[in-house]
Amino acid sequence: MNKLLYVALLLCCQLALAAPGEKDAVALAERGAQFVKQHGKADMIAKINNKDPEFNQGALYLAMRDLDGITVAHPTKALIGKNLLDVPDADGKPFRQELLALAKGKGHGWVDYKFRNPETGKVEAKSTYVLRVGDVALEAGIYKH
């Protein structure tokens, strides 16, 4: 029994260590901002939409929204071109409005909400970092376990 408990504990620790954290989300958004400044929005949009591994690491990925709320780039292609500002999370929170307000205001920050995790398929607690770059906002979120 002790061996089984040890293995279970070890697996949990490995999963916790492997899960991206806040620093990873901020770093991804900042890497995206640097890419936009060096190569332009069009190249960044292509990388995000094509799930380039530099900007898409499973549950941690980069998305882009314009300052009117239109999703410009996202690994889930069905969201591209849509304004989903009025679509709340599972608890009724207008999280996209909060993300956009942060981008337009101080230019960066965190928003907590619930969203479907692409790795588990379940709605989970998520925290997203938003970073304004010119006339768009880059978003990178982490799931809280």
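Note that the structure is a prediction, hence the values are computed from the model and not measured.
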Query raised in the report: What's the verdict on side-chain contact (heavy atoms from CB on, under 4.5 Å) for T128 and L99, showing C-alpha distance, side-chain angles and the deciding distance?
Result: CA-CA 8 Å; T128 290; L99 287 165; 3.8 Å; yes
Query raised in the report: So, K47 side chain and P53 main chain: donor-acceptor pair closer than 3.5 Å or not?
Result: no
Query raised in the report: Would a 4.5 Å heavy-atom cut-off, applied to side chains only, mark K82 and V87 as touching?
Result: no
Requested in this report: Name the orientation class of the two ring planes belonging to Y129 and W110 (parallel below 30°, tilted from 30 to 60°, perpendicular beyond 60°).
Outcome: tilted
Report task. Salt-bridge test for R116 and E124: reply yes if a basic N is under 4.0 Å from a carboxylate O, no otherwise. Result -> no
Query raised in the report: Is it true that D86 and R96 make a salt bridge, defined as a side-chain N closer than 4.0 Å to a carboxylate O?
Result: no
**Report entry** Stepwise side-chain contact (heavy atoms from CB on, under 4.5 Å) check, L85 with E98
**Finding:** CA-CA 9 Å; L85 288 179; E98 290 184 28; over 6 Å; no
Query - For L60 against G141, the heavy-atom pair lying closest together - result: CD1-O, 3.2 Å
Requested in this report: With the side chain counted from C-beta on, respond yes when Q57 and P20 share a heavy-atom pair under 4.5 Å apart, and no when they do not.
Outcome: no
Query raised in the report: Taking the side chain as C-beta and beyond, is there a heavy-atom pair between V133 and E30 under 4.5 Å?
Result: no
Requested in this report: Check the pair D68, N83 against side-chain contact (heavy atoms from CB on, under 4.5 Å), reporting the backbone distance first and the verdict last.
Outcome: CA-CA 8 Å; D68 292 322; N83 182 333; 5.5 Å; no
Query raised in the report: Does T120 use its side chain to pair, donor to acceptor, with the backbone of K122 at less than 3.5 Å?
Result: yes
**Report entry** Min side-chain heavy-atom separation Y113-V111 under 4.5 Å
**Finding:** yes
Requested in this report: Kindly work out whether a path of hydrophobic side-chain contacts (I/L/V/M/F/W/Y, heavy atoms less than 4.5 Å apart) joins V136 to L100.
Outcome: no
Requested in this report: For M64 and M44, work out which heavy atoms get closest and say how close.
Outcome: CE-CG, 3.5 Å
Requested in this report: Considering non-hydrogen atoms only, spot the tightest contact between K51 and P75 and give its length.
Outcome: CE-O, 3.0 Å
Query raised in the report: Thinking salt bridges, do D89 and K126 make one under a 4.0 Å N-O criterion?
Result: no
Query raised in the report: Do H108 and V26 pass the side-chain contact (heavy atoms from CB on, under 4.5 Å) test, and can you show the C-alpha distance, the side-chain angles, and the key distance before you say yes or no?
Result: CA-CA 10 Å; H108 62 90; V26 171; over 6 Å; no
Query raised in the report: Between N49 and A73, which heavy-atom pair has the shortest distance, and what is it?
Result: OD1-CA, 3.1 Å
Query raised in the report: Does A46 offer a backbone N or O that forms a donor-acceptor pair with the side chain of N50 under 3.5 Å?
Result: yes
**Report entry** Check: F35 ring centroid to F55 ring centroid under 6.0 Å
**Finding:** yes
Query raised in the report: Can you get from L62 to F95 by hopping between Ile, Leu, Val, Met, Phe, Trp and Tyr side chains that sit under 4.5 Å apart?
Result: no
Query raised in the report: Taking all atoms of both residues into account, what is the closest heavy-atom pair of A59 and E119, and its distance?
Result: N-OE2, 3.4 Å
**Report entry** With sequence neighbours excluded, residues passing side-chain hydrogen bond (donor to acceptor under 3.5 Å, both in side chains) with R65
**Finding:** T71, E139
Report task. Please report the shortest heavy-atom distance between L131 and A33, naming the atom on each side. Result -> CD2-CB, 3.8 Å
Report task. Kindly work out whether a path of hydrophobic side-chain contacts (I/L/V/M/F/W/Y, heavy atoms less than 4.5 Å apart) joins I70 to V130. Result -> no
Query raised in the report: Would you say K37 has more than 12 foreign heavy atoms packed within less than 6.0 Å of its NZ?
Result: no
Query - Cluster check L28, I45: I/L/V/M/F/W/Y, side chain < 4.5 angstrom - result: yes
Query raised in the report: Under a 4.5 Å cut-off applied to non-hydrogen side-chain atoms, are L84 and L79 in contact?
Result: yes
Report summary line: For H74, the ring pair (Phe, Tyr, Trp, His ring centres under 6.0 Å) test, sequence neighbours excluded, returns Y61
**Report entry** Heavy-atom check, side chain of V72 versus side chain of I80, under 4.5 Å
**Finding:** no
